Number of protein chains: 2
Amino acid sequence: MRIVVAACSVDYSGRLTAHLPLAPRVLMRKADGSVLVHSDGGSYKPLNWMTPPCAVTESEPTDDQREQGVREVWTVQNTKSDDRLIISLHEIQADHSFELGVDPGLVKDGVEAHLQKLLAEQIGLLGDGHALVRREYPTAIGPVDILARGDGGHVAVEIKRRGDIDGVEQLTRYLDLLNRDPLLAPVEGVFAAQEIKPQARVLATDRGIRCLVLDYDAMRGIDDVDSRLF
Amino acid sequence: MRIVVAACSVDYSGRLTAHLPLAPRVLMRKADGSVLVHSDGGSYKPLNWMTPPCAVTESEPTDDQREQGVREVWTVQNTKSDDRLIISLHEIQADHSFELGVDPGLVKDGVEAHLQKLLAEQIGLLGDGHALVRREYPTAIGPVDILARGDGGHVAVEIKRRGDIDGVEQLTRYLDLLNRDPLLAPVEGVFAAQEIKPQARVLATDRGIRCLVLDYDAMRGIDDVDSRLF
DNA sequence: GTCTTCATCTCGGTC
DNA sequence: GACCGAGGTGAAGAC
């Protein structure tokens, strides 16, 4: 990891073209060749960057550039596409290199995947006598979160952390498709989420889709109990 | 802008909870209070971060923490939500501050708007005898990218850089609405994109919507020729 | 303000 | 490797 603080101007060309006028910025060069250009604001997104795989070529400025104060030119070329970043460095305030090693990485907890896993394990929440067919049941337009067998037919479940209209639309498409399959029909829809927006509930109900509010803490609690018991 | 290179462990709690084990990393503190935790790889996204508005509180480690090598603890609290980042700094390799000033910002050029402009100019790509009615044709549920007149009716075009299912849904809503207008009906749908995902193509075809793959470079090339001739 | 849509999206999963 | 969906999405424009 090399960090350079310098006044610079930057030109990007690739999926779009973009230009950064001359100003002081922080340049981060990572071990994998990637480069980030950060200013002292905005959010975590750099003003400009190059993602790996890429390679940096450092070159001397032309006489013209040198007259205008350019001390160094970096050309960052993506090795898979024709994306290119050209950075012209003027006054350099700092230039430091560090050895960081490989990062052990982030440990996440508590998202939609977890909800899906818990509901699959506690499939009875859909109603008595329901049995899991499979998670991520594949269809031509994408996987259904959960497919289960119910009384006299099947149940397709769409799971969201926050249930709004998009999720109901998604489930509706799956139901249209699944109900054309004589081996599955009739397929009932269940829209399951930690929180269901009123508009989504109205739309779902209007389409005969059942809404199921999931209590994440309770489901996790039961899961913990199961883990302890078995 | 303050840049600290240190071994650290990080805990985030907010919309999810996440943990970063102890390892050497780069910590960036921006003038607006935001904090980024970067490793020496990945892309431009930090391992962890806090977006403004937020405030950092620096505190002394407890005796326990000090025994385990913690030198400093930063608590980054979002001032609008209950998102919180707790960073425990161990050995500190570097700690530098810089004055960067406000950035003049990025100048962009050339995306979906350009595709729309080009297709409007080359409306014949829809088929022989087609004529542009207008770009951004207004409806009650939003503007249609392009409306054209075809053989015996009209054509509504939805343009995307990458065409997937969402775009087909959007176009379907427009078509439902436009076909109720006796002055326009029948209105045919064309889904135009640089790249159309297979699932989107299936859905579009199923709904009688025509798919049109746009060759951006070719269209731009024709545009350049036009520019030179006229 | 809120809402919608785009993004050099990034990232993780699965097939 | 391609494709699909989620994101602590962020950011810009419309209303």
Side-chain angles (χ1 to χ4, degrees), chain A residues 10-18 34-37 42-52 54 76 78 80-85 105-106 108-117 134-145 158-162 164-167 170 174 199, chain B residues 10 12-18 34 36-37 42-52 54 76 78 80-85 105-106 108-116 136 138 140-143 145 158-167 169-170 173 193 195-202:
Chain A
V10 184
D11 283 281
Y12 166 74
S13 68
R15 271 164 283 190
L16 57 75
T17 60
S34 60
V35 179
L36 317 186
V37 181
S43 66
Y44 66 70
K45 196 177 179 182
L47 294 166
N48 235 320
W49 70 93
M50 184 62 68
T51 46
C54 62
V76 190
N78 192 297
K80 280 282 168 62
S81 68
D82 53 0
D83 286 27
R84 180 185 295 178
L85 207 56
L106 188 68
K108 283 188 185 182
D109 175 41
V111 260
E112 185 181 317
H114 201 188
L115 276 177
Q116 188 189 107
K117 181 168 173 289
R134 73 164 285 186
R135 291 166 59 188
E136 303 286 345
Y137 182 89
T139 76
I141 57 169
V144 177
D145 284 343
E158 178 64 34
I159 299 171
K160 295 288 178 198
R161 204 159 49 82
R162 287 184 202 138
D164 61 21
I165 281 182
D166 282 358
Q170 196 176 341
Y174 290 137
Q199 298 187 349
Chain B
V10 184
Y12 166 74
S13 68
R15 269 165 280 193
L16 57 75
T17 60
S34 59
L36 317 185
V37 181
S43 67
Y44 68 69
K45 196 176 178 182
L47 294 166
N48 235 321
W49 70 94
M50 184 62 69
T51 46
C54 63
V76 191
N78 192 297
K80 280 282 170 62
S81 69
D82 54 0
D83 286 27
R84 180 185 295 178
L85 208 57
L106 188 68
K108 283 188 184 184
D109 175 39
V111 257
E112 185 182 316
H114 201 188
L115 275 178
Q116 188 190 107
E136 302 286 348
I141 55 170
D145 285 344
E158 178 65 34
I159 300 172
K160 295 286 178 200
R161 202 161 53 82
R162 284 187 201 140
D164 63 21
I165 280 182
D166 283 357
E169 293 288 7
Q170 195 176 344
R173 288 195 295 271
E195 174 199 354
I196 294 179
K197 295 287 167 69
Q199 300 189 346
R201 185 180 291 274
V202 169

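Order of the sequence lines fixes the chain letters, A, B, ..., with proteins taken first and strands second; residue numbering starts at 1 for each chain. From a predicted model like this one, the values you see are computed outputs, not experimental measurements.
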Open item on the list: Using a 4.0 Å heavy-atom cut-off, does Tyr174(A) contact any base of the nucleic acid, only the sugar-phosphate backbone, or nothing at all?
Closed with: sugar-phosphate

TODO: Under 4.0 Å between any heavy atoms, over every strand shown, what does Met50(A) touch: base, sugar-phosphate, or nothing? Just pick one.
DONE: nothing

- [ ] Identify, with sequence neighbours excluded, every residue that meets salt bridge (Lys or Arg N to Asp or Glu O under 4.0 Å) alongside Asp83(B).
- [x] Arg15(B)

Open item on the list: One character per nucleotide, please: for nucleotides 10-15 of chain C, 5' to 3', B when the base has a protein heavy atom closer than 4.0 Å, S when only the sugar-phosphate does, - otherwise.
Closed with: SS---S

Task: Spacing of Asp83(A) atom CG relative to dA7(C) atom P, expressed in whole Å - done: 14 Å

Open item on the list: Which nucleotide wins on minimum distance to the side chain of Tyr12(B), given the candidates dT5(C), dA6(D), dG8(D)?
Closed with: dG8(D)

Open item on the list: Whole angstroms only, please: what is the CD1-P distance between Ile159(B) and dA7(C)?
Closed with: 13 Å

- [ ] Map Arg173(B) and Leu85(A) onto DNA chain C by nearest heavy atom, then report which one ends up closer to the 5' terminus.
- [x] Arg173(B)

Open item on the list: Of the listed nucleotides (dG5(D), dA6(D), dC9(C)), which one gets closest to any side-chain atom of Arg161(B)?
Closed with: dC9(C)

Task: Whether Tyr44(A) side chain and Tyr44(B) backbone form a donor-acceptor pair below 3.5 Å - done: no

Task: Spacing between Tyr137(A) atom OH and dG5(D) atom P, to the nearest angstrom - done: 16 Å

Task: Whole angstrom value for the distance that separates P of dC6(C) from CG of Leu16(A) - done: 15 Å

Open item on the list: Can you measure Leu47(A) atom CG to dA12(D) atom P for me and round it to whole angstrom units?
Closed with: 11 Å

Task: Lys80(A) or Asp164(B), whichever maps to the more 5' nucleotide of DNA chain D - done: Lys80(A)

Open item on the list: Nearest to the side chain of Gln170(A), heavy atoms from C-beta on, is which of dA6(D), dT8(C), dG8(D)?
Closed with: dA6(D)

